[in-house]
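Heads up, the thing below is written out as C-alpha cells.
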Amino acid sequence: MYARQWLGLESTHNPHRFVLPVTDGIATRGRFLFGGCGLGAAVEAMEQATGRPCIWATAQYLSYAMVGDVVDVDVTIAAAGHATTQARAVARVAEREILTVNGALGSKEHPAAGQYITMPDLPGPQDCPRRPAREEDEQSIMTRLDLRLAMGRQWDDLDGHPVDDGHSAMWVRLPFPGPDGDADSMEVSAAALAILGDYVPFGISQS
C-alpha cells in the first residue's frame, strides 16, 4: 500500500490540488489531524505533482483540522531545475490555513550515497513485546500502528523517573489488511517516514 492510500489522500481534476478527509485513523486522541499525517500528505502531494521524490521537507503548523473536516492541499512549484524542484504545499480547511510545507524534490546518483547512522544492536520485532494502544487512543491513529518495544518501558512501568542511559527504541510498522485478510505493511517512503517522525511522545515519556 502507498502512503496516499493509507492516509486517504485523493486526487482531483487539478493535478496540483489534493483533498484529505480527516478521519479517526489519521487523527490524535484529541480528534484533530495528527501532525505527521499532515506532513506526510503534503509530501505525497508534492511528489505526485512534481513526479520527483522528496529530498527534504519542513512544516509550519498553523491551526487544527478536526475529524470530519476535509483538507485541501494545494501544491505550488516555485522552481524546477534539471535535477531539483523547489515546491510548497499549503493545506487549508475552507479559507483557514492549517499547515504550510516547503520542500525540495529530485534525485541524482552520487558516489557519497549511503547510511551514516549505526543501528543499535537490538532484538528483531518478532522478539519484542507489543506496546498496546491505551483506552483513550481507541479512536485515533494509535490503533493503526503496530508497535514493538525494543528498548524502554511499557505504559505501566512509567513511574516518573528517567531511564539510566536516556535511550529507548521501538519497531513500528503501518499495517493494513491485504487481499487475503492478512496484515501487510505500507511501503517505506518519505511520506511514511513523515508520519512516524512526528511520534515524539514515546521518546518524551520514556526519558
Side-chain angles (χ1 to χ4, degrees), residues 1-22 25-28 32-65 69-119 141 144-145 169-170 172-174 176 185-204:
M1 175 180 275
Y2 299 106
R4 64 178 179 272
Q5 297 169 291
W6 197 91
L7 290 165
L9 184 69
E10 303 170 7
S11 303
T12 70
H13 69 284
N14 181 345
H16 287 189
R17 169 168 281 201
F18 301 80
V19 294
L20 179 70
V22 182
I26 60 172
T28 70
F32 55 85
L33 178 64
F34 183 68
C37 291
L39 176 57
V43 166
E44 185 70 21
M46 291 191 295
E47 289 189 335
Q48 293 294 311
T50 64
R52 285 177 161 174
C54 182
I55 301 169
W56 67 264
T58 184
Q60 182 182 31
Y61 294 89
L62 306 170
S63 187
Y64 297 99
D69 287 341
V70 176
V71 179
D72 295 319
V73 183
D74 290 299
V75 176
T76 299
I77 299 175
H82 292 296
T84 305
T85 296
Q86 306 293 331
R88 177 171 59 257
V90 178
R92 297 182 178 89
V93 173
E95 298 302 315
R96 182 165 50 90
E97 192 166 339
I98 304 302
L99 76 158
T100 298
V101 177
N102 290 294
L105 304 99
S107 62
K108 185 178 181 180
E109 293 294 330
H110 194 284
Q115 181 170 312
Y116 306 100
I117 300 297
T118 301
M119 183 174 174
I141 187 177
R144 301 179 72 194
L145 303 180
M170 187 161 56
V172 186
R173 70 180 185 127
L174 301 162
F176 67 96
S185 293
M186 184 203 300
E187 67 174 14
V188 176
S189 64
L193 294 176
I195 296 168
L196 297 178
D198 196 43
Y199 187 46
V200 294
F202 167 74
I204 293 173

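Bear in mind that the values here come from a model prediction, so they are computed numbers and not experimental data.
- Side-chain contact between Val73 and Glu10: absent, with no pair of heavy atoms (C-beta onward) separated by less than 4.5 Å.
- At a threshold of 4.5 Å between non-hydrogen side-chain atoms, the residues Ile195 and Leu7 count as touching.
- The shortest non-hydrogen separation linking Ala192 to Ala3 is N-CB, 4.4 Å.
- Scanning for side-chain hydrogen bond (donor to acceptor under 3.5 Å, both in side chains) contacts around Arg17 gives Asp74, with sequence neighbours left out.
- Listed for the Gln86 side chain is no donor-acceptor partner under 3.5 Å among the backbone atoms of Ala79.
- Between the side chain of Arg88 and the backbone N or O of Met46 there is no donor-acceptor pair closer than 3.5 Å.
- Remark: side-chain polar atoms of Arg144 are paired, donor with acceptor, to backbone N or O of Trp6 under 3.5 angstrom.
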Verdict with supporting geometry, Leu20 and Phe18, side-chain contact (heavy atoms from CB on, under 4.5 Å): CA-CA 7 Å; Leu20 179 70; Phe18 301 80; over 6 Å; no
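- Judged purely by atom type and a 3.5 angstrom limit, Tyr64 has no side-chain atom pairing as donor or acceptor with the backbone of Ile98.
- For the pair Arg4 and Ser11, the minimum side-chain heavy-atom distance is 4.5 Å or more.
- The shortest non-hydrogen separation linking Asp198 to Gly36 is OD2-N, 3.0 Å.
- Considering only heavy atoms from C-beta on, Tyr2 comes within 4.5 Å of Glu187 through its side chain.
- In this structure, the side chains of Leu33 and Ile26 come closer than 4.5 Å at one or more pairs of heavy atoms.
- The minimum heavy-atom distance between Val43 and Cys54, with the atom names listed, is CG1-CB, 3.8 Å.
- With a 4.5 Å cut-off on side-chain heavy atoms, Pro53 and Leu105 do not count as touching.
- Between the side chain of Thr76 and the backbone N or O of Ala78 there is no donor-acceptor pair closer than 3.5 Å.
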Derivation and outcome, side-chain contact (heavy atoms from CB on, under 4.5 Å), residues Val22 and Val70: CA-CA 6 Å; Val22 182; Val70 176; over 6 Å; no
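- More than 12 non-hydrogen atoms from other residues, nucleotides or ligands lie less than 6.0 angstrom from CZ of Phe202.
- Looking at every heavy atom in both residues, Thr84 comes nearest to Ile55 through CG2-CD1, 4.4 Å.
- The CG atom of Leu99 sits 6.0 Å away from atom OH of Tyr61, with the distance rounded to the nearest 0.5 Å.
- Nearest heavy-atom pair across Leu196 and Leu174 is CD2-CD2, 3.9 Å.
- With sequence neighbours left out, the ring pair (Phe, Tyr, Trp, His ring centres under 6.0 Å) criterion links Tyr199 to no other residue.
- Thr100 and Glu97 are linked by a side-chain donor-acceptor pair at a separation below 3.5 angstrom, with hydrogens and angles left out of the test.
- A pairwise comparison of heavy atoms in Val101 and Ala42 identifies CG2-CB, 3.5 Å as the closest pair.
- Thr85 meets the side-chain hydrogen bond (donor to acceptor under 3.5 Å, both in side chains) test with Arg52; sequence neighbours excluded.
- The main-chain N or O of Ala45 is never found under 3.5 Å from a side-chain atom of Gln48 such that the two would form a donor-acceptor pair.
- Expressed to the nearest 0.5 Å, how far CG of Leu39 lies from CD of Glu44 amounts to 11.5 Å.
- Atom CZ of Arg92 sits about 15.0 Å away from atom CG of Asp69, to the nearest 0.5 Å.
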